[in-house]
Amino acid sequence: MSKIHVTTTVNGDPVEFLADPRETLLDCLRDHLGLTGSKEGCGTGDCGACSVTLDDRLVCSCLVLGVEAEGRRVDTIEGMADADGLHPLQRKFIEHAALQCGFCTPGLLVAAKALLVQNPDPTEEEVRYGLAGNLCRCTGYDKIVRAVMDAAAEMRQEAA
Amino acid sequence: MSVAKPLPHDAARLHVTGAARYVDDIPAPAGALHLAFGLSEIAAGRITAIDLDAVRKAPGVVGVWEASDLPSDCDCSPSNHDEPLLSGHRIRYLGQPVFLVAATSHLAARRAARLGKLDYQSRDAILSVDEAMEADSRFEDGPRIWEKGDAGEAIDGAPHAIEGVIEIGGQEHFYLEGQAALALPQEGGDMVVHASTQHPTEIQHKVAHALGLPMHGVRVETRRMGGGFGGKESQGNALAIACAVVARATGRPAKMRYDRDDDFTITGKRHDFRIEYRAGFDDDGRLAGVEFVHLCRCGWAQDLSLPVADRAMLHADNAYHLPAIRIESHRLKTNTQSATAFRGFGGPQGMLGIERVIDHVAHALGRDPLEVRRVNYYAGETVAGAEGGAAPRRPAVAPPGSISGKMKEPGQDLASRGGAEGPSDAGAPAVPAGVQTTPYGQVVEDFILHEMTDRLVERSDYAARRRAVAAWNAANPVLKRGIALTPVKFGISFTLTHLNQAGALVHVYQDGSIHLNHGGTEMGQGLFQKVAQVAAAEFGVAPEMIRITATDTGKVPNTSATAASSGSDLNGMAAQAACVTIRERMAEHLARLHQDEARDVRFAEGQVHVGGNRLSFAEAAALCYEGRVSLSATGFYKTPKLKWDRIRGQGRPFFYFAYGAACSEVVIDTLTGENRILATHILHDCGASLNPAIDRGQVEGGFVQGAGWLTTEELVWDGDGRLRTHAPSTYKIPACSDRPDIFEVDLWDGRNREETIYRSKAVGEPPFMLGMSVFFALQHAVSACGPGWPDLQAPATPEAVLAAVRRARDGV
């Protein structure tokens with residue numbers, strides 16, 4: 001099958017790649033752009049390990065075709081920390097020990113960031129339901145919820 | 001001192017930035033091939049014709065292998081040499097790999113693997129334990145039976161008796177990172193393998209065997225896994241062997257990872273059990289005798305099933321002193337995935353059996369199950385020497401001569417838990433009169449559950465909440481609540497005694513930086529961080545001075561699996577030994593330079609104090625290097641005190657026990673069976689914790705995983721033996737929204753009475769069984785619906801809860 005030329009923006013940088021039209025965005029990120037922070041946990045959109053945002057909308061990149069990224073903006077875990085250092089969510093995940101094997105962590109962070117953009121002051125229950133699409137097999141979620149609540153509080157303070 | 005501090009996971013920064021590399025993230029060299037298996041579509045029978053033309057012609061395909069094309073049988077078994085990599089003509093389960101495809105991309109390989117045309121001649125598959133018992137399809141020559149006293153007589157002579165059956169479902173590991181391996185061919189036919197495995201030595205051994213190489217021809221490296229939970233103790237063998245075979249045949253690197261559906265379909269899971277029980281007891285619920293029959297579904301190959309079933313028997317007592325007990329264990333061979341290690345390794349199933357008995361006894365007597373639990377607890381911790389001068393009693397049975405001195409067969413899998421018996425030096429230890437022993441003769445000398453239960457009862461406000469639950473249930477006809485507090489006593493050590501050994505390798509460089517390596521693998525449990533903290537404490541330096549490096553069979557040989565919760569116990573001690581060796585060499589040299597005594601040289605806070613001077617650790621290292629002192633050492637550890645004869649079921653298989661207790665409250669909807677956990681309080685014993693943040697993570701995660709096993713996680717096979725729950729769409733592990741509203745976890749503040757690393761205790765598996773509190777809280781809620789015995793089965797899905805509600809209502 002002939003490949004399609006895709007021009008898109010990933011973490012603020014313009015990028016181009018050639019994609020088999022059947023390839024998922026996840027595979028394009030990992031195999032063509034070397035961005036392996038997004039993980040495949042199930043390939044069916046049920047586990048959230050491949051979460052990225054596409055024009056600020058949270059998506060499972062295993063359910064999006066690479067060619068659909070044409071002309072759009074993709075943000076992945078690799079773009080979360082900036083020159084000033086880690087994003088508050090990343091710092092709080094470390095502080096609260098909200099990770100163990102780390103495989104679900106990139107997806108959870110991307111999903112949590114998207115959640116806080118929509119709702120900067122969530123209740124604990126809103127965090128729990130907001131992240132219910134991201135499976136973690138190690139932590140039991142408690143520390144993840146705490147880390148997100150704590151990060152949200154800090155981000156509100158910074159914004160104020 | 002760096003131990004006992006809640007420091008973050010060593011790779012935390014890599015994890016949160018997406019920079020942590022798992023096997024599939026390692027950049028594959030140019031020309032790498034990607035592999036996929038073609039799978040059997042029937043559970044039992046023969047392949048009569050196989051046509052792989054379409055597979056070979058598919059785009060991107062470079063090679064296709066059937067069993068007859070392999071360089072050897074490429075056995076993948078960790079125990080019994082009964083798992084050929086590819087099936088050949090005989091099919092033993094639905095999902096068994098039949099052929100292997102190598103292609104230029106992962107997707108191309110998977111697409112091609114679907115194009116094989118296989119004709120079968122099916123025969124009736126043995127799928128259930130009933131079918132297996134009927135056909136006498138089993139591993140070992142008959143059931144394993146362990147006895148203490150005469151249980152039948154004790155039950156018949158007791159004032160009351162109950163009997164019942166509980167079905168206990170299996171569990172899929174659902175490590176977020178699926179199985180993966182990458183083989184890189186080297187000069188001279190050697191092979192390097194990167195594998196997502198808990199057991200690099202096993203991978204090395206199996207790959208070497210498949211390729212006909214000595215073990216030194218294969219080096220296996222594992223930096224980290226995206227979760228293991230036992231599912232990567234033996235189940236990664238097939239991928240590593242397949243990659244090595246293709247790499248050898250083509251001279252190209254080869255990589256394989258299972259897609260999630262394939263992972264579910266191919267790999268083994270937790271053993272499901274049926275436990276039949278009979279128990280005799282008095283008016284207080286004190287057990288006089290218990291009989292168990294374990295029917296354990298092992299699947300098509302032996303794998304680790306024998307030690308798993310043994311460990312189920314070893315936990316048939318949980319926290320209770322049983323004067324008389326008989327356990328009969330059937331290890332049944334079925335045409336399903338080969339069940340394997342999973343956190344707890346049979347312990348949870350065995351424990352659920354006795355907890356079920358306790359609950360049944362309480363129901364029969366109309367008592368609070370917690371009272372019955374406490375009446376039956378082992379006696380409290382013994383003070384050393386408190387037994388006085390009582391004459392030691394030796395067990396009456398002599399060890400059968402057929403076990404000891406058995407010759408090893410060549411190629412035998414010595415490093416696996418499924419491996420054959422070591423020499424039997426075990427007899428039951430001498431037992432002073434009046435001391436309580438487990439059903440297998442081990443003296444229980446560290447029992448702290450009385451105090452732990454007291455504290456948890458107080459912390460969770462159990463008594464008042466149990467009354468509140470009763471008041472709620474009296475007032476509400478539809479939603480019913482339940483509460484339960486359950487204990488855990490879990491034995492720590494590999495039951496195959498010779499596996500309780502570990503090695504470490506430590507280098508101090510001339511700039512004072514330290515390179516640490518040991519045989520344990522990192523799967524998220526924080527082992528690397530804990531062991532690094534041990535090393536930092538021994539050298540008196542900050543943990544940042546230690547570089548923790550990937551597990552590598554070329555650095556530390558002959559390792560055991562990172563399993564049985566033993567990771568930090570074994571590797572922490574081995575690393576400590578290596579550090580002490582180097583530190584003593586350094587102290588001796590520095591003392592000589594400074595006219596001091598070696599024993600007075602002190603390593604603390606990044607400095608070395610010697611002869612009234614203070615040197616930085618880096619200066620000390622440089623001086624030692626210039627003084628031609630060896631700054632590299634290996635360390636070795638073997639767990640003391642163990643003696644175990646698994647055939648007779650007698651001895652001391654465990655160095656010590658780890659304890660915990662959990663109290664959970666739930667609510668059920670009696671019209672639909674839907675249910676939720678409302679609150680959980682946990683008190684868990686990690687001894688003197690090496691890292692409280694990491695240990696707490698293990699406790700929380702273990703509890704949630706255990707609760708998932710007994711509630712939402714249901715494996716369903718259809719009548720043809722096809723696993724119908726093969727992805728997260730149909731198999732539900734707990735999600736963030738399932739976390740209880742109130743979730744309070746405390747660590748018990750105590751030291752291990754045995755000499756473990758800084759008196760800590762193992763923490764990987766024991767908390768898993770805290771999830772039982774949820775199951776028994778559900779049973780309590782169901783009991784509120786009527787007088788009948790609810791007979792709740794596991795997992796307690798809404799369907800199972802609803803059926804139990806009906807049984808309670810219909811009452812007997």
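The sequence lines fix the lettering, A, B, ..., with proteins before strands; numbering per chain opens at 1.
For B/A19, no part sits under 4.5 Å from any heavy atom of chain A, backbone or side chain. Using a 4.5 Å cut-off between heavy atoms, A/L109 touches chain B through its side chain atoms alone. Heavy atoms of B/V16 lying under 4.5 Å from chain A belong to its backbone as well as its side chain. Only the side chain of B/F229 comes within less than 4.5 Å of a heavy atom in chain A; its backbone stays farther off. For B/F743, the parts lying under 4.5 angstrom from a heavy atom of chain A are both the backbone and the side chain. Contact annotation for B/R13: both backbone and side-chain heavy atoms come within less than 4.5 Å of a heavy atom of chain A. Heavy atoms closer than 4.5 Å to chain A are found in both the backbone and the side chain of B/D24. For B/H106, no part sits under 4.5 Å from any heavy atom of chain A, backbone or side chain. B/R111 touches chain A through its side chain: at least one heavy atom from C-beta onward sits under 4.5 Å away, while N, CA, C and O do not.
A salt bridge links B/R257 with A/E40: at least one charged nitrogen is closer than 4.0 Å to a carboxylate oxygen. By the 4.0 Å N-to-carboxylate-O rule, A/D142 lies too far from B/R696 to be salt-bridged with it. We find that B/D741 and A/R128 are joined by a salt bridge, their nearest charged nitrogen and carboxylate oxygen being less than 4.0 Å apart. The pair A/E124-B/R739 meets the salt-bridge criterion, since a charged nitrogen lies less than 4.0 angstrom from a carboxylate oxygen.
A/E78 contributes atom CD, which lies 8.5 Å from atom OG1 of B/T17 (distance to the nearest 0.5 angstrom). Note that SG of A/C101 is 10.0 Å distant from CZ of B/R224, once rounded to the nearest 0.5 Å. Note that the SG atom of A/C104 and the NE2 atom of B/H15 stand 9.5 Å from one another [nearest 0.5 Å]. Residue A/C42 holds its SG atom at 15.0 Å from OH of B/Y731, rounded to the nearest 0.5 Å. Remark: A/E23 CD to B/S105 OG distance equals 7.5 Å, nearest 0.5 Å. Atom-to-atom distance recorded for A/C138:SG and B/Q698:CD is 8.0 Å, nearest 0.5 angstrom.
With a 4.5 Å cut-off on side-chain heavy atoms, B/F174 and A/L135 count as touching.
Nearest heavy-atom pair, A/F103 versus B/Y22, reported as atom, atom and distance to 0.1 Å: N-OH, 3.2 Å. A/G140 approaches B/V704 most closely through the heavy-atom pair CA-CG2, 3.5 Å. Smallest separation of non-hydrogen atoms from A/A97 and B/A693: CB-CB, 4.3 Å. Shortest non-hydrogen contact noted between B/I733 and A/C136 is CD1-O, 4.3 Å. In plain terms, the two heavy atoms of B/P728 and A/T44 that are nearest each other are CG-OG1, 4.4 Å. Nearest heavy-atom pair across A/V145 and B/C736 is CG2-SG, 3.8 Å.
Between the A/K39 side chain and the B/D25 main chain, no donor and acceptor come within less than 3.5 Å of each other. Side-chain atoms of A/Q100 come within 3.5 Å of backbone atoms of B/G697 as a donor-acceptor pair (strictly under, hydrogens ignored). A/Y141 contributes a side-chain N or O that, together with a main-chain N or O of B/P734, makes up a donor-acceptor pair within less than 3.5 Å.
Of all the listed residues (B/A707, B/G18, B/A11), the one sharing the greatest number of non-hydrogen pairs under 4.5 Å with chain A is B/G18. The choice from B/G227, B/G702, B/P59, B/A12 that makes the most heavy-atom pairs within less than 4.5 Å of chain A is B/A12. Options A/R30, A/R137, A/Q90 differ in how many heavy-atom pairs under 4.5 Å they form with chain B, and the most are formed by A/R137. Highest contact tally toward chain B, considering only A/G79, A/G41, A/A49, A/G45, is held by A/G41 [criterion: heavy-atom pairs under 4.5 Å].
In A/E154, the CD atom is crowded: over 12 heavy atoms of neighbouring residues, nucleotides or ligands sit closer than 6.0 Å. By the neighbour-count criterion of 12 heavy atoms within 6.0 Å, atom CD of A/Q157 is sparsely surrounded, having that number or fewer from other residues, nucleotides or ligands.
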